[in-house]
Visitor: 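To start, I am sharing the structure in question, which I have written as structure tokens.
The shown structure was predicted, so the numbers you read here are calculated from the model rather than taken from an experiment. All heavy atoms count here, side chains included; hydrogens, waters and symmetry mates do not.
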Amino acid sequence: MSRLAQTADLTDVQREILSTVRDFVDKEILPVATELEHRDEYPTRIVEGLKELGLFGLMIPEEYGGLGESLLTYALCVEEIARGWMSVSGIVNTHFIVAYMLKQHGTQEQKDTFLPRMAAGEVRGAFSMSEPGLGSDVSAITSKGVREGDEYVLDGQKMWLTNGGTSTLVAVLCRSDEGHPEGTAPHKSMTTFLVEKEPGFGEVRPGLTIPGKIDKMGYKGVDTTELIMHGLRIPANRVLGGTTGRGFYQMMDGVEVGRVNVAARGCGVAQRAFELGVSYAQQRETFGKPIAQHQAIQFKLAEMATKVEAAHAMMVNAARKKDSGERNDLEAGMAKYLASEYCKEVVEDAFRIHGGYGFSKEYEIERLYREAPMLLIGEGTAEIQKMIIGRRLLEEYRFQG
């Protein structure tokens, strides 16, 4: 076994893509990731490299200029990228979710307009559900879209927008009561609006402001922002799918594949943490021998490697289930929950193996230690995943009394 987290039954094309991405990560991301992260610097050169590799169009159909690959291929690429630097995988993820939502739910005009430019990386996507007082309760969204003739006027404040500054197309979830009488369930009166904007901060188009980057503990480099709409006017043909009231379902479909992505990120970060831990354990000596020869450290390495393998297997299962056309919210929730929790634990064990040096910014594990917690809350907290898992299990194992 040359390395952990191998995937069985891949095609030659998939193996070639993964080999190319892995080589790119080793040569272009790992050598600069920690330095860029400490400066909180957007990885422009890395992103340009990903564009040249065609990764921004990995799952976009070939008819629109993409590679037409599966969710599994994409997830395995994300795993490799996150192994190099998790923030880079975040830049790709939000773009991918918007492209996926357009492919699955967009009108033909919307697909023709955006997908070819998204495949080329010329249009960069971001998606926005959360709000300052919202948390996990999506039904409590207060941002609104009101129809005025051939336009909609959007007002509200959104939060935790990954790629908020660098994106040029944002899928924004708002309340839209048009055609939905009072008393309609909240999730049935939500609409996804496709908002085009200029990259940057401040007023990026009339009525739309991106205030600036949110300073974070980790997950640096990628820009995380607020989005403020005040009298933002967009044409009616920028309602995703052309019909109001479907936004909640469209977003949840996007989040479902996004959870596979977050699971893949957890697998990648955990694998890198294991690599750092097992390498350091063979170099650091105590009591006359490398610490890897101490049973306590061997136990720790064994636990870490098992968690990496288990998380990877669940992530692959969730991706393959979605690719088969089946419902995968149970598998995606399990994979996201397990991979994010195991990632935190593997990173902490690698941190412990490093001892005092793990606390130094000179060592890569310090960066991973600050990055792993984001996965515990991204695309839904552990509690949300367990709620989804529990409900689905009760559907599958309904008591027949």
Side-chain angles (χ1 to χ4, degrees), residues 10-18 20-21 24 46-78 80-81 88-128 162-163 166-173 191-199 234-243 246-247 249-261 264 319-320 322-325 328:
L10 296 180
T11 66
D12 290 341
V13 171
Q14 287 174 314
R15 282 193 289 267
E16 183 178 347
I17 290 172
L18 287 174
T20 301
V21 172
F24 181 83
I46 292 173
V47 170
E48 289 301 312
L50 294 178
K51 283 172 61 177
E52 291 178 14
L53 292 178
L55 285 193
F56 282 100
L58 191 61
M59 277 190 67
I60 293 175
E62 293 181 7
E63 64 189 283
Y64 298 107
L67 298 179
E69 273 296 328
S70 64
L71 176 60
L72 175 62
T73 307
Y74 179 78
L76 294 175
C77 287
V78 166
E80 291 292 341
I81 294 170
V88 178
S89 64
I91 292 169
V92 178
N93 180 43
T94 54
H95 173 89
F96 152 70
I97 290 178
V98 176
Y100 173 83
M101 290 169 62
L102 275 163
K103 181 184 73 170
Q104 295 296 109
H105 306 287
T107 65
Q108 192 59 53
E109 184 270 336
Q110 290 167 352
K111 294 176 185 178
D112 292 339
T113 299
F114 294 115
L115 288 181
R117 291 186 292 153
M118 294 186 81
E122 296 169 3
V123 169
R124 231 50 91 55
F127 82 110
S128 180
T162 301
N163 284 342
T166 49
S167 60
T168 53
L169 177 66
V170 186
V172 183
L173 186 64
T191 298
T192 303
F193 295 94
L194 300 171
V195 178
E196 299 169 82
K197 72 175 187 66
E198 292 297 317
I234 67 167
N237 65 0
R238 289 299 176 257
V239 169
L240 180 62
T243 305
R246 297 179 179 174
Y249 306 101
Q250 294 163 346
M251 281 281 181
M252 289 304 105
D253 191 23
V255 167
E256 198 170 280
V257 292
R259 284 178 179 142
V260 175
N261 175 287
R320 283 181 162 151
K322 188 74 171 179
D323 283 332
S324 72
N328 87 327

Visitor: Of all the heavy-atom pairs spanning M59 and K103, show the shortest one and how long it is.
Guide: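 The pair with the smallest heavy-atom distance is O-NZ, 3.7 Å.
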Visitor: Nearest 0.5 angstrom please: F114 CZ to E122 CD, how far?
Guide: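 Atom-to-atom, F114:CZ and E122:CD are 13.0 Å apart.
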Visitor: Drop me the distance from Y249's OH to M252's CE, to the nearest 0.5 angstrom.
Guide: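 Answer rounded to 0.5 Å: 11.0 Å.
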Visitor: Quick check: closest heavy atoms across T107 and G242, and the distance to 0.1 Å?
Guide: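 Looks like CG2-N, 3.6 Å.
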Visitor: From the options L102, N237, T113, select the one residue that forms a side chain to side chain contact (heavy atoms under 4.5 Å, CB included) with L194.
Guide: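 With L194 as partner, side chain to side chain contact (heavy atoms under 4.5 Å, CB included) holds for just one option, L102.
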Visitor: Could you walk me through whether V257 and N328 satisfy the side-chain contact (heavy atoms from CB on, under 4.5 Å) test, starting with their C-alpha distance in whole Å, then the side-chain angles of each, then the deciding distance to 0.1 Å, before giving a yes or no?
Guide: CA-CA 9 Å; V257 292; N328 87 327; 5.9 Å; no
Visitor: About how many Å separate CZ of R117 and CG of D112, when rounded to the nearest 0.5 Å?
Guide: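 That separation rounds to 11.5 Å.
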Visitor: Give, for atom CG of L173 and atom OG of S128, the distance between the pair rounded to the nearest 0.5 Å.
Guide: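 L173 CG to S128 OG: 8.5 Å, rounded to 0.5 Å.
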Visitor: List the residues meeting ring pair (Phe, Tyr, Trp, His ring centres under 6.0 Å) with F193, not counting sequence neighbours, and say none if there are none.
Guide: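 Applying ring pair (Phe, Tyr, Trp, His ring centres under 6.0 Å) to F193 gives Y152.
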Visitor: Looking only at heavy atoms, which two atoms of F127 and I97 are closest? And how far apart?
Guide: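 That would be CE2-CD1, 3.5 Å.
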Visitor: Look only at the side chain of T168 and the backbone of R124, and say whether a donor-acceptor pair between them is shorter than 3.5 Å.
Guide: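 Pair found, side chain donor or acceptor close to backbone of R124.
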Visitor: Check for a donor-acceptor pair, side chain of Q110 on one end and backbone N or O of V239 on the other, with a separation under 3.5 Å.
Guide: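 Yes, the answer is positive, given that a donor and an acceptor are paired below the 3.5 Å cut-off.
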Visitor: Only counting residues at least two apart or in another chain, list the ones meeting salt bridge (charged side-chain N to carboxylate O under 4.0 Å, His left out) with R238.
Guide: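 E109, E196.
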Visitor: Main chain of L169, side chain of K197: is a donor-acceptor contact present, judged purely on distance under 3.5 Å?
Guide: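 No: the side chain of K197 does not pair with the backbone of L169.
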Visitor: Run the side-chain donor-acceptor check on residues 62-69: report pairs under 3.5 Å with partners two or more places apart or on a different chain.
Guide:
unit_1, atom_1, unit_2, atom_2, d
Y64, OH, Q108, NE2, 2.9
E69, OE1, T73, OG1, 2.7

Visitor: Kindly write out the residues that satisfy ring pair (Phe, Tyr, Trp, His ring centres under 6.0 Å) with Y74, not counting sequence neighbours, or none if the list is empty.
Guide: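 Per chain and number, Y74 pairs via ring pair (Phe, Tyr, Trp, His ring centres under 6.0 Å) with F96.
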Visitor: Looking at V78 and A264, what are the two nearest heavy atoms and their distance?
Guide: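 So the two residues come closest at CG1-CB, 3.9 Å.
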Visitor: Does I46 form a side-chain contact (heavy atoms from CB on, under 4.5 Å) with F24? I'd like the steps, not just the answer.
Guide: CA-CA 9 Å; I46 292 173; F24 181 83; 4.1 Å; yes
Visitor: How close do L72 and A319 get, heavy atom to heavy atom, and via which atoms?
Guide: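 It is CA-CB, 3.8 Å.
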Visitor: Evaluate the side-chain proximity of T192 to R246: yes if any heavy-atom separation is below 4.5 Å, no if none is.
Guide: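 No, side chains not in contact.
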Visitor: Check salt bridge (charged side-chain N to carboxylate O under 4.0 Å, His left out) between D253 and all other residues, then give those that pass, not counting sequence neighbours.
Guide: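 Checked D253 against salt bridge (charged side-chain N to carboxylate O under 4.0 Å, His left out); matches are K322.
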Visitor: Can you tell me if N163 uses its side chain to pair, donor with acceptor, with the backbone of I91 under 3.5 Å?
Guide: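 A pair under 3.5 Å: yes.
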Visitor: Under 3.5 Å, side chain of Q14 to main-chain N/O of T11, donor-acceptor pair present?
Guide: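 A pair under 3.5 Å: yes.
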Visitor: Decide side-chain contact (heavy atoms from CB on, under 4.5 Å) for C77 and I17; before the verdict, give the C-alpha distance in whole Å, the side-chain angles of both, and the deciding distance to 0.1 Å.
Guide: CA-CA 8 Å; C77 287; I17 290 172; 3.6 Å; yes
Visitor: Check whether any side-chain heavy atom of L76 lies under 4.5 Å from a side-chain heavy atom of L10, and answer yes or no.
Guide: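 A side-chain contact under 4.5 Å exists here.
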Visitor: Is a side-chain donor or acceptor of H95 paired with a backbone partner of M118 at a separation under 3.5 angstrom?
Guide: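 Yes.
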Visitor: Measure across T162 and A126 and return the closest heavy-atom pair with its distance rounded to 0.1 Å.
Guide: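 Heavy atoms only, the tightest pair is O-CB, 3.4 Å.
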Visitor: To the closest 0.5 Å, what do you measure between OG1 (T20) and CD (E80)?
Guide: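 With rounding to 0.5 Å, OG1 (T20) is 11.0 Å from CD (E80).
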Visitor: Suppose the criterion is side-chain hydrogen bond (donor to acceptor under 3.5 Å, both in side chains): which pairs have a residue in residues 48-57, not counting sequence neighbours?
Guide: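 Qualifying pairs, neighbours excluded: none.
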Visitor: Taking D323 for its side chain and S70 for its backbone only, find out whether a donor-acceptor pair lies under 3.5 Å.
Guide: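 Not confirmed, D323 side chain does not pair with S70 backbone.
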